[in-house]
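Note that the structure is predicted; figures quoted are calculated from it, not measured. Computed over heavy atoms, backbone and side chain alike; hydrogens, waters and symmetry mates excluded. Whatever order the structure lists them in is the order used to number ligands and atoms, beginning at 1.
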Amino acid sequence: VKVGIVGGTGDIGEGMALRISQVHEVILGSREAERACATSDACHLALDEKGLPCTCSGVSNQDAVDRAEVVILAIPFQHMAATLSSLSGFEGKMVVSPVNPIGRKEHFFFAPPPEGSAAQQIARLLPKEAKICTAFNNIAAGSWKALDAPFVYSVAVCGDDPAAKGVVMGLVASIPHLAGFDAGPLAVSPMVEAVTPLLLNIAKYQKMRDVGIRFA
Ligand SMILES: NC(=O)c1ccc[n+]([C@@H]2O[C@H](COP(=O)([O-])OP(=O)(O)OC[C@H]3O[C@@H](n4cnc5c(N)ncnc54)[C@H](OP(=O)(O)O)[C@@H]3O)[C@@H](O)[C@H]2O)c1
């Protein structure tokens with residue numbers, strides 16, 4: 001699968017590129033193609049050092065959308081609407097949202113938009129021919145990047161298009177040690193996104209790092 005990452009220079013984007021580019025072609029995007037190239041070069045270096053394969057290139061966010069079959073939106077929630085309005089060509093694409101709208105006071109809390117979740121807002125903003133799924137919402141960037149540490153996590157996948165959900169479940173299963181679970185339609189995405197502030201609170205109050213989940 002050709003996997004585009006919009007915002008691929010960020011914490012989770014770079015982490016995903018490190019693992020996904022070992023198995024699939026990753027087209028890593030940024031508002032500045034030069035920044036994407038630098039992140040892509042860093043991925044090649046890190047994986048070469050370990051003797052691991054890497055198929056990754058750095059491009060603009062628009063090129064990442066145009067060239068990918070599956071587009072992962074690795075952008076902070078507060079910049080999502082502006083980013084999507086600057087991009088085009090999502091018709092027919094499978095779009096993965098790992099986006100979690102989170103607020104913070106003394107503790108972390110779920111702060112969804114009126115649509116109910118980030119994924120549902122993305123579905124409203126994108127053309128109706130785009131096929132939106134949630135996935136990877138509950139895995140910390142640090143876990144993606146720690147290539148030598150165990151990476152045994154569960155991934156809840158929500159979406160309304162069965163074929164697109166099948167492709168995203170396949171993408172999850174292709175990443176060693178990850179297990180995908182069909183969590184139902186996009187209407188379930190608020191629950192998936194809300195797990196992440198829970199994980200952040202558990203990490204904070206237990207003084208843990210990179211807390212994740214496993215369904216068993
Ligand atoms: N970090 C985690 O552990 C984690 C875990 C699960 C899910 N998520 C979700 O993944 C998404 C990305 O998180 P992150 O921690 O990787 O975010 P981040 O590092 O803060 O930002 C990701 C990328 O977004 C782009 N960006 C920043 N400001 C922007 C703006 N004003 N307009 C357009 N693009 C902008 C930047 O790329 P360029 O400057 O190169 O364009 C940046 O590298 C979030 O929605 C988050 O909820 C994160």
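In this structure, E193 and A119 approach most closely via the heavy-atom pair OE2-N, 3.0 Å. Smallest separation of non-hydrogen atoms from S21 and A17: OG-O, 2.6 Å. Of all non-hydrogen atoms in T9 and S30, the two that sit nearest each other are CG2-CB, 3.6 Å.
The main-chain N or O of R67 is never found under 3.5 Å from a side-chain atom of K2 such that the two would form a donor-acceptor pair. The backbone N or O of A135 lies less than 3.5 Å from a partner atom in the side chain of N137, making a donor-acceptor pair. When atom types are taken as modelled, the side chain of D210 and the backbone of A141 share no donor-acceptor pair closer than 3.5 angstrom.
Looking at residues two or more places apart in sequence or on another chain, you find a side chain to side chain contact (heavy atoms under 4.5 Å, CB included) between M80 and L73, I75, L84, V99, I122. A search for ring pair (Phe, Tyr, Trp, His ring centres under 6.0 Å) contacts involving F77 returns nothing, not counting sequence neighbours.
Protein heavy atom nearest atom 24 (O) of ligand 1, with residue, atom name and distance: P76 CD, 3.4 Å. The nearest heavy-atom contact from the protein to atom 5 (C) of ligand 1 is I139 O, 3.2 Å. If you check which protein heavy atom lies closest to atom 25 (C) of ligand 1, you get I75 CD1, 3.9 Å. Distance from atom 4 (C) of ligand 1 to its nearest protein heavy atom, with residue and atom name: I12 CD1, 3.5 Å. Of all protein heavy atoms, the one closest to atom 15 (O) of ligand 1 is D11 CB, 3.6 Å. Counting only heavy atoms of the protein, atom 47 (O) of ligand 1 lies nearest to N100 N, 3.1 Å. For atom 43 (O) of ligand 1, the nearest protein heavy atom (residue, atom name, distance) is T9 OG1, 2.7 Å. Scanning the protein heavy atoms around atom 9 (C) of ligand 1, the nearest turns out to be P98 O, 3.3 Å.
Residues E115 and Q120 bring no donor and acceptor atom of their side chains to less than 3.5 Å of each other.
Residue-ligand proximity: E32 is placed with every non-hydrogen atom at 4.0 Å or more from ligand 1. Taking 4.0 Å as the cut-off, A82 does not count as a neighbour of ligand 1 on heavy-atom distance. The closest approach between any non-hydrogen atom of T196 and ligand 1 is not below 4.0 Å. Ligand 1 lies nowhere less than 4.0 angstrom from a heavy atom belonging to T39.
In this structure, of H79, K145, E193, M80, the residue bringing a heavy atom nearest to atom 31 (N) of ligand 1 is H79. Comparing S60, G8, A74 by heavy-atom distance to atom 22 (C) of ligand 1, the nearest is A74.
Residue-to-ligand polar distances keep N137 apart from ligand 1: every N/O pair is separated by 3.5 Å or more. In terms of N/O distances under 3.5 Å, ligand 1 is approached by G10. When only interatomic distances are considered, the shortest N/O to N/O separation between R35 and ligand 1 falls below 3.5 Å.
Heavy atoms from both the backbone and the side chain of R31 come within less than 4.0 Å of ligand 1. Contacts of L73 with ligand 1, taken as heavy-atom pairs under 4.0 Å, are absent altogether.
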- Query: Under the side chain to side chain contact (heavy atoms under 4.5 Å, CB included) criterion, do F90 and L125 qualify, and how do the steps go?
  - Reply: CA-CA 11 Å; F90 283 97; L125 294 172; over 6 Å; no

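Surrounding CD of E32 are at most 12 heavy atoms belonging to other residues, nucleotides or ligands under 6.0 Å away.
Considering D182, D160, T134 as possible partners of K165, the one that fulfils the side-chain hydrogen bond (donor to acceptor under 3.5 Å, both in side chains) test is D182.
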